[in-house]
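Keep in mind that the numbers below use all heavy atoms, side chains included, and drop hydrogens, waters and symmetry copies.
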Amino acid sequence: MSTIPRRERLIAALDVPTAAEARALVERLGSAVSFYKIGLELSTSGGYYELLDWLVKRGNRVFCDLKLHDIPETVRRAVANLRGRGVTFLTVHADRGVMHAAVKEKGEIKVLAVTVLTSTGPADLAEMGYAGKLEDLVLKRALAAVETGCDGVIASGLEVAGIKEKFGARLLAVTPGIRPAGGDAADQKRVVEVAQAFRNGADYIVVGRPIRDAKDPAAAAEAIQLTVAAIFKS
Ligand code: C5P
């Protein structure tokens with residue numbers, strides 16, 4: 001994991017309504033960010049693939065956060081469509097059939113499994129018919145991610161330590177829900193600070209609003225890069 005260039009450890013989420021606004025934010029961020037996440041909102045607003053190609057062409061890494069979940073054959077064909085475009089990460093839900101199908105077609109793409117959405121709480125699990133603890137389900141699904149050949153998981157800064165302890169080098173851990181010290185958590189419940197996320201074992205962090213909504217997004221991103229640089233030597 002130490003081979004990850006440290007400036008790539010920060011992934012900025014381009015959570016904006018249109019591809020044009022995403023490009024404007026990328027241009028504003030300049031060299032402060034080199035890895036971007038493009039998700040569901042942009043996928044339904046038009047220009048998703050053009051934005052992806054544009055990012056890859058300008059030398060950025062791209063994380064397609066599409067959280068795929070469908071019958072295995074449909075997932076397999078959807079992942080095949082994404083291959084060869086320079087995508088670095090793609091998310092799928094941690095259903096065994098879904099992960100297996102995605103891994104079969106992933107080629108150069110790294111498949112990350114979403115174990116349990118961070119918006120899901122214990123009461124939601126009970127409603128879905130799961131009797132056990134949320135933490136146990138997360139670990140069970142992380143094990144399934146390893147067994148099906150996924151490259152990593154999305155894990156909150158609080159779950160990441162347990163996942164890394166059990167599956168260590170087998171799974172990359174990508175952690176959203178990051179807030180700078182004293183920042184506003186908004187709708188995120190399981191938030192951690194940048195340094196804490198890495199200390200808990202995260203390989204990458206995903207940061208959305210703390211960068212997007214900052215008065216100076218590039219300065220906010222550079223401040224995070226400084227923290228990253230203090231933790232990782234290279
Ligand atoms: O604005 P904020 O930093 O909370 O954005 C976090 C980003 O990470 C959003 O794009 C959100 O969709 C994504 N994400 C998350 N929790 C997950 C998976 C993805 O917050 N479990």
Whether Asn200 side chain and Gly157 backbone form a donor-acceptor pair below 3.5 Å:
yes
Distance-only, no hydrogens or angles: does the Tyr36 side chain make a donor-acceptor pair with backbone N or O of Ala22 under 3.5 Å?
no
Is the count of non-hydrogen atoms from other residues, nucleotides or ligands lying under 6.0 Å from His100 atom NE2 greater than 12?
no
Does Ile11 reach the side chain of Val33, with side-chain heavy atoms less than 4.5 Å apart? no
message = Please say yes or no: joined through hydrophobic side-chain contacts below 4.5 Å, possibly via intermediate residues, are Val116 and Val153 part of one cluster?
response = yes
Item checked: Within-4.5 Å side-chain heavy-atom neighbours: Val79 and Leu68 -> yes
Anything under 3.5 Å between a donor and an acceptor, one on a side chain of residues 51-64, the other on a protein residue two or more places apart or in another chain? List them.
{"from": "Asp53", "atom 1": "OD1", "to": "Arg85", "atom 2": "NE", "distance (Å)": "3.3"}
{"from": "Asp53", "atom 1": "OD1", "to": "Arg85", "atom 2": "NH2", "distance (Å)": "3.4"}
{"from": "Asp53", "atom 1": "OD2", "to": "Arg85", "atom 2": "NH2", "distance (Å)": "2.9"}
{"from": "Arg58", "atom 1": "NH1", "to": "Asn60", "atom 2": "OD1", "distance (Å)": "2.6"}
{"from": "Asn60", "atom 1": "ND2", "to": "Ser34", "atom 2": "O", "distance (Å)": "3.3"}
{"from": "Arg61", "atom 1": "NE", "to": "Glu8", "atom 2": "OE1", "distance (Å)": "2.7"}
{"from": "Arg61", "atom 1": "NE", "to": "Glu8", "atom 2": "OE2", "distance (Å)": "3.3"}
{"from": "Arg61", "atom 1": "NH1", "to": "Thr88", "atom 2": "OG1", "distance (Å)": "3.2"}

In short, Asp124 meets Gly121 closest at the heavy-atom pair OD2-N, 2.7 Å
Those residues at least two apart in sequence (or on a different chain) that pass side-chain hydrogen bond (donor to acceptor under 3.5 Å, both in side chains) with Arg141 are Tyr130
Please report the C-alpha distance between Arg77 and Glu105 in whole Å, then the side-chain angles of each, then the deciding distance to 0.1 Å, and finally whether the salt bridge (charged side-chain N to carboxylate O under 4.0 Å, His left out) criterion is met. CA-CA 8 Å; Arg77 294 167 73 99; Glu105 290 290 344; over 6 Å; no
Q. For atom CD of Glu27, is the number of surrounding heavy atoms from other residues, nucleotides or ligands below 6.0 Å larger than 12?
A. yes
Taking the side chain as every heavy atom from C-beta outward, state whether Leu40 and Asp65 have any atom pair closer than 4.5 Å.
no
message: Has Asp203 got a side-chain atom pairing as donor or acceptor with Ala173's backbone, closer than 3.5 angstrom?
response: yes
Can I get a per-line list of side-chain donor-acceptor pairs under 3.5 Å for residues 212-231, giving both atom names and the distance, sequence neighbours left out?
{"from": "Arg212", "atom 1": "NH1", "to": "Asp15", "atom 2": "O", "distance (Å)": "2.8"}
{"from": "Asp216", "atom 1": "OD1", "to": "Ala218", "atom 2": "N", "distance (Å)": "3.3"}
{"from": "Asp216", "atom 1": "OD1", "to": "Ala219", "atom 2": "N", "distance (Å)": "3.1"}
{"from": "Glu222", "atom 1": "OE2", "to": "Arg7", "atom 2": "NH2", "distance (Å)": "2.8"}
{"from": "Gln225", "atom 1": "NE2", "to": "Arg7", "atom 2": "O", "distance (Å)": "3.3"}
{"from": "Gln225", "atom 1": "NE2", "to": "Ala32", "atom 2": "O", "distance (Å)": "3.0"}
{"from": "Thr227", "atom 1": "OG1", "to": "Ala223", "atom 2": "O", "distance (Å)": "3.2"}

Item to check | Parallel, tilted or perpendicular: ring planes of His69 versus His93, cut at 30 and 60 degrees | outcome: tilted
